[in-house]
J.: 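Take a look at the following structure, please.
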Amino acid sequence: MAYIEPDEFVTKMVDSGESKVFMSTKDTFIRAFMAGAILGLAAIFAITVTIKTGSPLIGALLFPIGFIMLYLMKFDLLTGVFTLVPLALIDKRPGVDMRGLLRNWGLVFLGNFAGALTTAFFVSFILTYGYSIDGGAIAAKVSAIGESRTLGYQEHGLAGWLTIFVRGMLCNWMVSMGVVGAMISTSAGAKMVAMWMPIMLFFFMGFEHSIVNMFLFPFSMIMGGEFTVMDYLLWNELPTALGNLVGGFLLVGLPLYLTHVRTSPERELA
């Protein structure tokens, strides 16, 4: 279980951000598509477990399985590239510029959304036998979640919007710690444990994850959730994504970079 020191794995974070900027369009999109699809499946798995056991804690304990699978396969989530790619920019890696950063973010967003939406259609189809019957308890639960986490926030106006934003920040604080956790060891087992802990925390606490929501809210609408696409975008996806960006970069990527890559000279004693 080889542990890698922070000054080594934070350099790996910068290297990873740089490599994502130069990755081909095909590879970027495919990896993002698969990440969104797998995370959507993990979300419905955790919700199903919660319903069947009556224990949200068990659902949260098992949700990280999806995150671990996709990161071991080197697939990419928008929340992860929010944290890693800016590091290559501020480190002034050759050829890395704002255009390349925005290109990467845009492709990953589209891939994540396409993958999550595909899983939403797959799951809704099998729950309803091709939309011929009601989706049952799972459909009812997801519809209620969709309504409460759009219209429920809307009822509080600006305070509701800011609440989603902060929940998005807290989410990607933990998710990005999971991304970093995948780099702190060369052992697959150690990587899994390091990723598991912060992902379980974010899910159990009900923080807002933009890619989970790319699955959850379209699925909720298909299952009869009474809110609109605009409700979803304005009162969840937009503030969640912005919060994920701020939380991942300011609470994980930048602090680690400033103290382990761009370190200051040691203090001299008089």
Side-chain angles (χ1 to χ4, degrees), residues 9 12-13 15-17 19-21 23-49 59-85 104-123 168 171-204 207-219 237 240-241 244-245 247-248 252-253:
F9 72 70
K12 287 177 61 178
M13 291 170 62
D15 293 341
S16 177
S19 70
K20 294 180 191 306
V21 170
M23 191 182 297
S24 72
T25 298
K26 180 205 73 174
D27 292 341
T28 303
F29 184 83
I30 290 174
R31 295 183 190 192
F33 181 95
M34 294 308 302
I38 291 171
L39 202 65
L41 195 59
I44 195 61
F45 169 59
I47 291 169
T48 302
V49 168
L61 280 167
L62 295 177
F63 171 75
I65 291 172
F67 182 88
I68 289 169
M69 284 194 295
L70 71 91
Y71 264 100
L72 288 179
M73 296 298 106
K74 300 294 185 182
F75 297 147
D76 281 328
L77 293 172
L78 186 63
T79 43
V81 298
F82 275 164
T83 301
L84 299 176
V85 176
N104 173 262
W105 286 358
L107 285 171
V108 173
F109 176 91
L110 291 174
N112 285 168
F113 190 83
L117 190 61
T118 299
T119 298
F121 279 113
F122 284 165
V123 175
C171 173
N172 209 23
W173 184 7
M174 291 297 97
V175 171
S176 293
M177 289 300 291
V179 172
V180 174
M183 300 182 180
I184 68 171
S185 175
T186 57
S187 160
K191 288 174 181 283
M192 292 179 191
V193 173
M195 287 188 278
W196 202 292
M197 296 180 290
I199 303 305
M200 176 183 66
L201 189 158
F202 114 69
F203 195 85
F204 184 74
F207 297 152
E208 298 281 358
H209 190 278
S210 55
I211 297 86
V212 170
N213 293 352
M214 289 175 188
F215 162 80
L216 185 63
F217 289 89
F219 180 67
E237 190 62 40
T240 295
N244 288 168
L245 169 58
V252 180

J.: Would you check if Met34 and Met73 make a side-chain contact, meaning some heavy-atom pair closer than 4.5 Å?
T.: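 With C-beta onward as the side chain, the pair stays apart.
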
J.: Centre-to-centre under 6.0 Å for Phe207 and Phe202, is that the case here?
T.: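 No.
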
J.: For the residue pair Tyr71 and Phe67, does the interplanar ring angle fall in the parallel (under 30°), tilted (30 to 60°) or perpendicular (over 60°) class?
T.: tilted

J.: Over 60° means perpendicular and under 30° means parallel, so tell me whether Phe29 and Phe33 are parallel, tilted or perpendicular.
T.: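 Correct class here is tilted.
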
J.: Kindly determine whether Thr118 and Phe122 satisfy side chain to side chain contact (heavy atoms under 4.5 Å, CB included), including the steps that lead there.
T.: CA-CA 6 Å; Thr118 299; Phe122 284 165; 3.6 Å; yes

J.: Could you walk me through whether Met214 and Thr119 pass the side chain to side chain contact (heavy atoms under 4.5 Å, CB included) test, one step at a time?
T.: CA-CA 10 Å; Met214 289 175 188; Thr119 298; over 6 Å; no

J.: For residues Met192 and Pro64, determine if any side-chain heavy atom of one lies less than 4.5 Å from a side-chain heavy atom of the other.
T.: no

J.: Working note: Phe75 + Asn112, criterion side chain to side chain contact (heavy atoms under 4.5 Å, CB included); need CA distance, chi angles, decisive distance, verdict.
T.: CA-CA 10 Å; Phe75 297 147; Asn112 285 168; over 6 Å; no

J.: Please assess Leu117 against Phe219 for the test side chain to side chain contact (heavy atoms under 4.5 Å, CB included), listing each intermediate value before the final yes or no.
T.: CA-CA 8 Å; Leu117 190 61; Phe219 180 67; over 6 Å; no

J.: Is there side-chain contact between Arg31 and Met23, with at least one heavy-atom pair below 4.5 Å?
T.: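 Of all side-chain heavy-atom pairs linking Met23 with Arg31, at least one is under 4.5 Å.
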
J.: Is there a side-chain contact between Leu62 and Phe45 in this structure, where contact means two heavy atoms from C-beta onward sitting under 4.5 Å apart?
T.: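 Yes - at least one pair of side-chain heavy atoms lies under 4.5 Å apart.
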
J.: Could you check whether any side-chain N or O of Ser176 sits under 3.5 Å from a backbone N or O of Val179, counting only pairs where one atom can act as donor and the other as acceptor?
T.: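 Looks like no, no N/O pair under 3.5 Å.
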
J.: Check whether any side-chain N or O of Thr48 sits under 3.5 Å from a backbone N or O of Ile44 as a donor-acceptor pair, and report yes or no.
T.: yes

J.: Are Val180 and Val252 close enough that some pair of their side-chain heavy atoms sits under 4.5 Å apart?
T.: yes

J.: Decide yes or no for Val108 and Leu77: does some side-chain heavy atom of the first lie under 4.5 Å from some side-chain heavy atom of the second?
T.: no

J.: Specify the closest pair of heavy atoms between Gly59 and Ala46, including all atoms of both residues, with the distance to one decimal.
T.: O-CB, 3.5 Å

J.: Around atom CE of Met200, are there more than 12 heavy atoms of other residues, nucleotides or ligands at under 6.0 Å?
T.: yes

J.: Students often mix this up, so state it plainly: with edges at 30° and 60°, are the rings of Trp105 and Phe82 parallel, tilted or perpendicular?
T.: perpendicular

J.: Is there a side-chain contact between Phe109 and Asn104 in this structure, where contact means two heavy atoms from C-beta onward sitting under 4.5 Å apart?
T.: no

J.: Between CG of Leu110 and OG1 of Thr28, what distance do you get to the nearest 0.5 Å?
T.: 11.5 Å

J.: Would you check if the side chain of Ser210 reaches a backbone N or O of Ala241 as a donor-acceptor pair within less than 3.5 Å?
T.: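 Not at all, since once roles are kept as given, no pair shorter than 3.5 Å links the two residues.
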
J.: Does Lys191 reach the main-chain N or O of Ser185 with its side chain, forming a donor-acceptor pair under 3.5 Å?
T.: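 Here the side-chain-to-backbone pair exists.
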
J.: Can you name the one residue among Asn244, Asn172, Asn213 that meets side-chain hydrogen bond (donor to acceptor under 3.5 Å, both in side chains) with Glu208?
T.: Asn213

J.: Main chain of Leu61, side chain of Trp196: is a donor-acceptor contact present, judged purely on distance under 3.5 Å?
T.: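 Yes, because the side chain of Trp196 sits within donor-acceptor range (under 3.5 Å) of the backbone of Leu61.
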
J.: Would you check if Leu216 and Ile47 make a side-chain contact, meaning some heavy-atom pair closer than 4.5 Å?
T.: yes

J.: Can a donor-acceptor pair be found between the side chains of Thr79 and His209 at a distance below 3.5 Å?
T.: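 Yes, a side-chain donor-acceptor pair sits under 3.5 Å.
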
